[in-house]
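Comments concern the structure below.
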Amino acid sequence: MFDALTDRFVKLQRKLRGYGTLSQQEVGEALREVRTVLLEADVNYKVVGAFIRAVRQRLEEQDITRAVKPAEVIDVALFRELTSLLGGSPAKLELSGNPATVCLVGLQGTGKTTFAGKLAKLYKSRRPLLVACDPKRPAASEQLRRVAETAGAGFVPARDDVVANCLASLDVARRQGNNLVVFDTAGRLHIDNELMAELELIQQQASPEATLLVLDGMVGQDALIQAEQFHERLKLTGACITKLDGDARGGAVVSVRQVTGLPVLFIGTGEKLADIEPFHPDRIASRILGRGDLHSLAEKVSASGNPEQQRATAEKFLKGRFDLEDFLDQLRNIKKMGSLSKLMKMIPGAGQVNVDETEMVRVEAMIQSMTPAERHDPDIIDGSRRRRIAEGSGTSVQDINRLLKEFGQARVMARQLGGITPGRLPRGFRPRRGR
Amino acid sequence: MSPGVFGRGFARLKQALSRTRNSFRRLLDTRDESELEELLLAADVGVAATDRLVDRLRGATDRRAVLEEEVARLLEPGAGPVAAPVEPPRVVMVVGVNGSGKTTTVGKLCRLFREQGQRVLVAAADTYRDAASDQLAVWAARAGVELVASTQGQDAAAVAFDALTRAKSQGFDIALLDTAGRLHTRTDLMAEVAKIRRVCARVKPGAPDDIWLVLDATVGQNGLRQARAFHDELGLTGLVVAKLDGTARGGVMIPVVQELGVPVRYVGTGERLEDIEPFDARAFARALLES
């Protein structure tokens with residue numbers, strides 16, 4: 001996400017860190033660089049102008065030319081201003097009705113149906129009901145039905161009378177105890193009068209609590225025009241920006257709040273239903289500036305596995321009784337959190353590391369080709385077993401050798417770690433107690 | 001097969017281009033070069049083409065004629081639906097990012113080819129997205145062409161293999177492959193689409209005869225990067241530009257044609273099955289600038 005933008009910011013910061021003090025002129029140069037970076041990322045030029053002015057003012061207040069560590073002052077100023085540009089505090093989707101109702105709108109192909117599934121997954125505890133509101137596009141209703149199935153949500157098929165269908169679905173929800181109803185409307189152009197009128201009718205009759213505009217993150221500034229025009233007619237609650245795992249430059253995400261006043265509520269970062277994030281301006285600002293995002297990472301980790309099991313695994317690990325079965329579980333947990341390279345981006349400084357995801361698939365295949373006994377006690381894996389495992393997993397004996405060797409080393413290290421009593425660990429390595 | 005400048009197709013094209021035309025027509029009213037540049041860049045024409053157009057407009061008397069001529073020239077390389085004849089079945093693979101309009105475009109192409117009297121077989125090689133095969137089945141039925149359906153999670157290359165084998169043995173003229181949407185930045189998925197291509201060649205040497213990228217006109221500049229990535233991976237033989245009616249930035253095809261030399265084959269002009277036109281650079285330029 002926003003790789004190009006982040007790369008440039010990281011480079012700029014590295015350069016600035018080389019300076020002991022900054023002259024007025026050097027500050028000006030740095031700000032010009034920031035301006036170029038943002039403009040090239042397709043951020044609206046008015047937004048960029050206001051942003052640069054705000055940063056400059058902040059720097060002057062802090063007397064930047066006298067600062068001892070000017071790079072840090074600039075870094076903080078950029079972070080603060082970028083956060084406020086992105087909306088300041090996170091805008092939350094307020095859901096209070098019973099059932100709560102959300103209407104998704106947008107152009108064709110922006111990802112509304114997939115997003116409905118993501119919302120359903122995120123709000124799973126509300127037992128969501130997904131309502132197909134696109135009777136025209138072939139198999140649109142069927143697509144949503146399958147998405148609902150994957151997300152474990154209820155489903156109402158499309159009917160020709162879209163508005164009546166929305167109303168009827170509210171009764172269904174009340175009867176079945178679904179506490180969130182999502183209307184997945186047909187893609188439409190903001191200039192299509194007839195279809196826009198249909199949305200207005202849905203709003204009047206079914207009065208959804210929130211109407212969310214789903215925007216394709218790759219669109220760039222045209223997205224702002226779409227947002228403005230949809231907003232003008234429909235009084236939107238917020239925007240959701242999808243396909244940010246592509247090479248979207250981030251222009252839409254950064255400018256949409258300032259230009260249209262619409263808060264960004266969610267972003268979609270991949271094809272899996274789990275690839276949705278509530279939009280936190282400070283965390284996104286942090287990621288854009290290359291500082292990582294440990295908050296989101298921690299949330300993903302705690303959401304992906306059962307904490308009991310995690311603790312049991314950690315204990316086993318420290319006692320050196322960690323086996324390949326546990327290792328496989330861990331691999332799968334990581335996979336549940338989404339792509340590994342995406343996770344790396346959340347770790348400060350690790351965003352530039354390349355992760356080979358196919359390697360994970362191969363390791364998984366290798367372990368799956370082992371018998372339970374072999375997984376539990378890798379020491380019994382001899383030459384002939386290695387050949388069998390290699391054949392079964394489509395890898396080579398050398399690959400198996402390497403996996404077993406690395407695993408063996410990790411086990412020895414873990415045993416050493418576990419053998420040290422926490423009191424004797426150097427400060428910083430001691431396990432924290434409580435919170 | 002050209003739509004001609006006066007046919008029904010031309011009217012539809014003009015209608016679809018109305019938003020892009022608004023920005024192009026403004027080019028005729030201004031002589032201020034920096035304003036010209038701004039307008040052209042905003043329509044995603046690209047820097048090189050912008051410089052060229054501004055240059056040609058300098059001192060021109062009949063500005064509309066000059067502009068029309070230049071736009072047509074920029075879009076002309078290889079344009080049009082006609083491709084070299086091949087031994088049937090002609091295998092056409094359709095690729096693109098998620099939500100660009102591939103399945104709809106494939107449905108429209110089915111109808112178009114069938115109306116030309118060709119026997120068309122269409123394959124649902126999108127085995128990833130929910131209900132993609134069902135969606136295509138509806139289009140195929142409406143267009144009256146035969147379908148090779150698939151189930152979700154099936155190997156897309158296997159679907160392509162089956163479809164081509166059938167097309168070959170049963171004497172179809174055209175086999176259309178609808179593939180799954182993939183973001184051009186996902187190297188794993190790009191490798192998968194390359195595999196589908198390799199499998200095609202196993203059934204019929206040299207296949208696919210055509211690989212067309214469906215480009216969503218509303219994405220603007222990102223379209224160039226998409227086209228570049230797909231072209232590098234697959235070697236595109238054509239573009240189909242979709243959703244022209246939704247955008248004022250229909251100019252993005254100019255840098256794509258100029259930089260990659262990949263011609264535009266068809267343009268989608270609306271949501272109905274018949275809303276697709278064979279691309280003609282001259283008619284397009286005219287539709288763009290005519291009042």
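Labels below follow one simple rule: chain letters A, B, ... track the order of the sequence lines, proteins then strands, and each chain is numbered from 1.
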query: Does the side chain of A/Thr269 pick up a donor-acceptor pair with the side chain of A/Asp275 at under 3.5 Å?
result: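 Side chains of A/Thr269 and A/Asp275: no pair found under 3.5 Å.
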- request: Decide whether A/Gln108 and B/Glu271 meet the rule of one side-chain donor and one side-chain acceptor closer than 3.5 Å.
  value: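 Yes - a donor-acceptor pair under 3.5 Å links their side chains.
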query: Which bit of A/Leu144 comes within less than 4.5 Å of chain B, counting heavy atoms only: side chain, backbone, both or neither?
result: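 For A/Leu144, there is no contact with chain B at all, as no heavy atom is under 4.5 Å.
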field: Portion of A/Arg137 that has a non-hydrogen atom of chain B nearer than 4.5 angstrom
entry: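 Side chain of A/Arg137 only, per the 4.5 Å heavy-atom cut-off to chain B.
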field: chain A contact via B/Asp245 - side chain, backbone, both or neither, heavy atoms under 4.5 Å
entry: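 Both parts, heavy atoms under 4.5 Å.
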field: Contact class of B/Ser100 relative to chain A, heavy atoms under 4.5 angstrom
entry: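 It is neither, since no heavy atom gets under 4.5 Å.
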query: Which one, A/Pro138, A/Ser141, A/Gly109, leads in non-hydrogen pairs under 4.5 Å with chain B?
result: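 The option with the most such pairs is A/Pro138.
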query: When only pairs under 4.5 Å are counted, which of A/Glu142, A/Glu149, A/Arg145, A/Gln226 shares the most heavy-atom pairs with chain B?
result: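 When all of A/Glu142, A/Glu149, A/Arg145, A/Gln226 are compared, A/Glu142 has the most.
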Chain A interface, residue from [options] that has the most non-hydrogen pairs under 4.5 Å:
{"options": "B/Leu136, B/Thr187, B/Asn98", "result": "B/Asn98"}
{"options": "B/Arg129, B/Gln152, B/Gln226", "result": "B/Arg129"}
{"options": "B/Asp188, B/Asp134, B/Val138", "result": "B/Asp134"}

query: Are the charged groups of B/Glu290 and B/Arg21 less than 4.0 angstrom apart, N to O?
result: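 Looking at B/Glu290 and B/Arg21, the cut-off is not met.
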message: Any salt bridge linking B/Lys102 with B/Asp216? Criterion: basic side-chain nitrogen under 4.0 Å from a carboxylate oxygen.
response: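 Salt bridge between B/Lys102 and B/Asp216, a charged N being under 4.0 Å from a carboxylate O: no.
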- prompt: In Å and rounded to the nearest 0.5 Å, what is the CD1 to OG1 distance from A/Ile267 to A/Thr242?
  reply: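 The CD1 atom of A/Ile267 sits 11.0 Å away from the OG1 atom of A/Thr242.
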query: Are more than 12 heavy atoms from other residues, nucleotides or ligands located less than 6.0 Å from atom CZ of B/Arg225?
result: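 Correct, the count exceeds 12.
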- prompt: If you count the non-hydrogen atoms of other residues, nucleotides and ligands that lie under 6.0 Å from CZ in B/Arg26, is the total more than 12?
  reply: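 Count not over threshold, so no.
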